[in-house]
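Each remark here refers to the structure printed beneath this line.
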Protein chains: 2
Amino acid sequence: MATPQTGAGDPTRSLELLWRDLSPAQSKPGPKPRLTVDRIVEAAIAVADREGSCFGMRSVSAELGVGAMTIYRYVPGKRELIDLMVDRVGRNDGDESLLEGLDWRARLELLAEGTWEVYDAHPWLLEINQRRPVFGPDSMAGYDFAISAFEGHDLPDREINLVITSIMNLVTGTARQYLMRDSAEEAPLADEREWWAIQEPYLKRAFESGRFRHVQRFSDESAWDATAHQAMRYALERFLDGLAPRMEAVRRKGSEA
Amino acid sequence: MATPQTGAGDPTRSLELLWRDLSPAQSKPGPKPRLTVDRIVEAAIAVADREGSCFGMRSVSAELGVGAMTIYRYVPGKRELIDLMVDRVGRNDGDESLLEGLDWRARLELLAEGTWEVYDAHPWLLEINQRRPVFGPDSMAGYDFAISAFEGHDLPDREINLVITSIMNLVTGTARQYLMRDSAEEAPLADEREWWAIQEPYLKRAFESGRFRHVQRFSDESAWDATAHQAMRYALERFLDGLAPRMEAVRRKGSEA
DNA sequence: CTGAATCGGGTACGTTGTACCCAGTAATAG
DNA sequence: CTATTACTGGGTACAACGTACCCGATTCAG
């Protein structure tokens with residue numbers, strides 16, 4: 001397991017756990033379990049928030065105060081645990097009625113901002129390589145919520161999916177570029193300013209070679225001072241500008257939004 | 001080193017190697033080096049193309065037919081090697097004159113398609129977590145190329161950067177979702193159809209609960225049959241649609257493109 | 001030739017995920 | 001009650017990883 005991944009383990013095991021029956025278990029022989037899958041997932045999320053995506057299974061065990069191998073009684077392996085974590089952080093207890101008064105554009109902006117906030121709270125999510133989408137209850141609810149933003153418009157289902165995917169990718173892409181944090185195991189990284197100070201002598205020499213005339217023209221420092229969130233908003237706004245005429249064209253008669 | 005990263009090692013060492021002086025070395029005591037940094041980087045890329053992003057340093061050594069530790073004479077560590085690989089695969093020997101007859105939109109589409117092709121050829125790139133952008137000669141040339149697409153327009157420098165970043169993130173985001181491949185170390189993954197067949201019973205039961213009414217409405221299979229490339233193109237086209245009025249507004253007088 | 005610097009290779013260490021074994025516990029059957 | 005049985009938590013151990021370190025061989029300057 002070199003790189004943390006979702007959808008890389010045994011999908012059946014992951015799905016079984018994601019959609020597991022939560023009704024109280026009937027009585028069985030043997031000691032009562034000390035842990036639950038939920039507690040493990042939440043502990044793992046807490047550890048990942050602290051240590052980054054390369055959290056270790058031993059850290060999760062330690063967080064729960066149990067032996068290293070104990071959590072394997074509840075979860076088949078790290079990959080499946082990550083599947084559970086990813087679904088869990090996507091949980092949104094927000095009220096769907098929040099969308100009521102909003103038009104499609106405000107709704108999609110809300111969707112993007114919500115996703116952004118999740119990444120901001122759990123930057124390790126950005127380092128996870130999703131092989132195949134594993135749908136659990138929470139991510140399914142998020143997807144359902146996203147589709148509901150298109151109510152009152154007759155955009156074809158296929159295009160609705162394309163729009164949702166586009167927005168997600170746009171948010172994820174921007175977040176990945178800006179939001180990755182130091183993980184505990186690594187030496188702390190230089191901050192933005194320090195980083196450019198390190199590169200500067202090399203870039204300066206490169207510019208002097210004359211090979212990069214267009215970049216060279218960007219002398220003004222303000223060309224680079226966009227924040228992460230501004231970059232995301234810019235991409236989103238242009239995308240929605242481009243979507244607008246199509247949405248207007250399919251607005252259902254009698255719908256004011 | 002749990003997850004492969006760029007910009008996580010010692011940046012000075014990476015930069016030193018990226019911008020290293022290629023003039024023939026003066027004579028030194030000791031045996032002639034059997035390898036070069038370039039050969040190592042190319043071997044590492046070949047291995048990663050084959051084995052995925054979780055390639056091992058030992059595989060790179062084996063590819064070159066040398067001992068496991070030998071490459072450490074040339075490269076300080078894996079993280080710095082990845083910095084070199086990332087810069088290298090971005091190399092583009094395409095002629096800048098290709099842009100001559102094209103308008104801004106065609107140029108940006110070309111930029112996106114070019115990036116897409118790189119990901120298609122080297123999917124391990126998508127699994128690399130870039131902490132900070134490490135600029136080398138090749139990525140700098142790509143950036144220079146990107147800026148050149150805005151010639152003939154007076155878009156503010158800051159917005160040019162936002163547009164380039166947006167397009168890159170959009171392409172990367174979509175590619176990440178679709179283009180990740182099986183790596184050698186993992187069991188081969190189910191293909192698309194097989195994957196949904198695995199999830200189907202769980203999703204079916206979920207729909208029966210009535211919690212996901214909007215998703216449920218998407219009964220038609222054609223809602224999901226967009227290919228990876230189509231998804232990228234859709235996001236790109238909407239973004240460019242939204243950018244168009246701004247580009248027209250700043251078109252320089254006397255420029256036909 | 002001598003001394004010094006550099007090369008390649010082998011050994012070994014710490015960390016990772018996790019397979020496996022064993023002792024202890026609690027519900028059930030008689 | 002006791003015996004059986006299923007299940008628990010914990011400890012040990014292994015393979016793979018990146019890489020620190022050492023040593024003998026090699027080739028330069030003087």
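Which of dT19(D), dC7(C), dG9(D) sits closest to the side chain of Arg73(A) comes down to dG9(D). Listed nucleotides: dC28(D), dT18(C), dC7(C). Nearest to the side chain of Ser27(B): dC28(D). Closest approach to the Tyr74(B) side chain among dC20(C), dC7(C), dG9(D) is made by dC7(C) (side chain taken as heavy atoms from C-beta onward). The side chain of Pro29(B) lies closest to dC28(D), out of dG17(C), dT25(C), dC28(D). Comparing dG18(D), dT8(D), dG17(C) against the side chain of Met57(A) picks out dG17(C) as the nearest. With dG11(D), dC17(D), dC7(C) as the choices, the nucleotide that has an atom nearest any side-chain atom of Arg58(B) turns out to be dC17(D). Picking from dG11(D), dG17(C), dA27(C) the nucleotide with the shortest atom distance to the side chain of Lys32(A) gives dA27(C). Side-chain proximity of Pro31(A) to the nucleotides dT25(C), dG18(D), dT26(D) is greatest for dT25(C). Checking dG9(D), dG17(C), dG8(C) against the side-chain heavy atoms of Arg34(A) singles out dG9(D) as nearest.
Judged by closest nucleotide on DNA chain C, Thr70(B) is the one of Thr70(B) and Pro76(A) placed further toward the 5' end. If you find the closest nucleotide of DNA chain D to Gly77(B) and to Val66(A), the one lying nearer the 5' end belongs to Val66(A). Residue-to-nucleotide proximity on DNA chain C shows that, of Gly30(A) and Gly67(B), the 5′-proximal contact is made by Gly67(B).
Between dG18(D) and Lys78(B), a contact under 4.0 Å exists linking OP1 or OP2 to a side-chain N or O. For the pair Lys28(B) and dA4(C), the criterion of a side-chain N or O lying under 4.0 Å from OP1 or OP2 is not met.
Atom CZ in Arg79(A) sits roughly 6 Å away from atom P in dT18(C) (whole-Å rounding). Across the protein-nucleic acid pair, Arg13(B) atom CZ and dT19(D) atom P stand 12 Å apart, rounded to whole Å. One atom, CG of Asp10(A), and another, P of dA19(C), lie 12 Å apart when rounded to the nearest Å. One can place CG of Leu81(B) at 14 Å from C1' of dT19(D), the figure rounded to the nearest angstrom. Met69(A) places its CE atom 13 Å from the P atom of dC21(C), with the value rounded to the nearest Å. At whole-Å resolution of the value, OH in Tyr72(B) and P in dG9(C) are 15 Å apart.
Ionic pairing of Arg131(B) and Glu127(A) is present here: one or more N-O contacts between side-chain nitrogen and carboxylate oxygen are shorter than 4.0 angstrom. A salt bridge does not link Asp21(B) with Arg205(A): none of the charged nitrogens is closer than 4.0 Å to a carboxylate oxygen.
Of the residues listed (Val89(B), Ile40(B), Val60(B), Val86(B)), the one engaging Ile45(B) in a side chain to side chain contact (heavy atoms under 4.5 Å, CB included) is Val89(B), and it is the only one.
Side-chain atoms of Phe55(B) and Lys78(B), non-hydrogen and from C-beta on, do get closer than 4.5 Å to each other. Annotation: side chain of Leu170(A) is not in contact with side chain of Asn169(B) (no heavy-atom distance under 4.5 Å).
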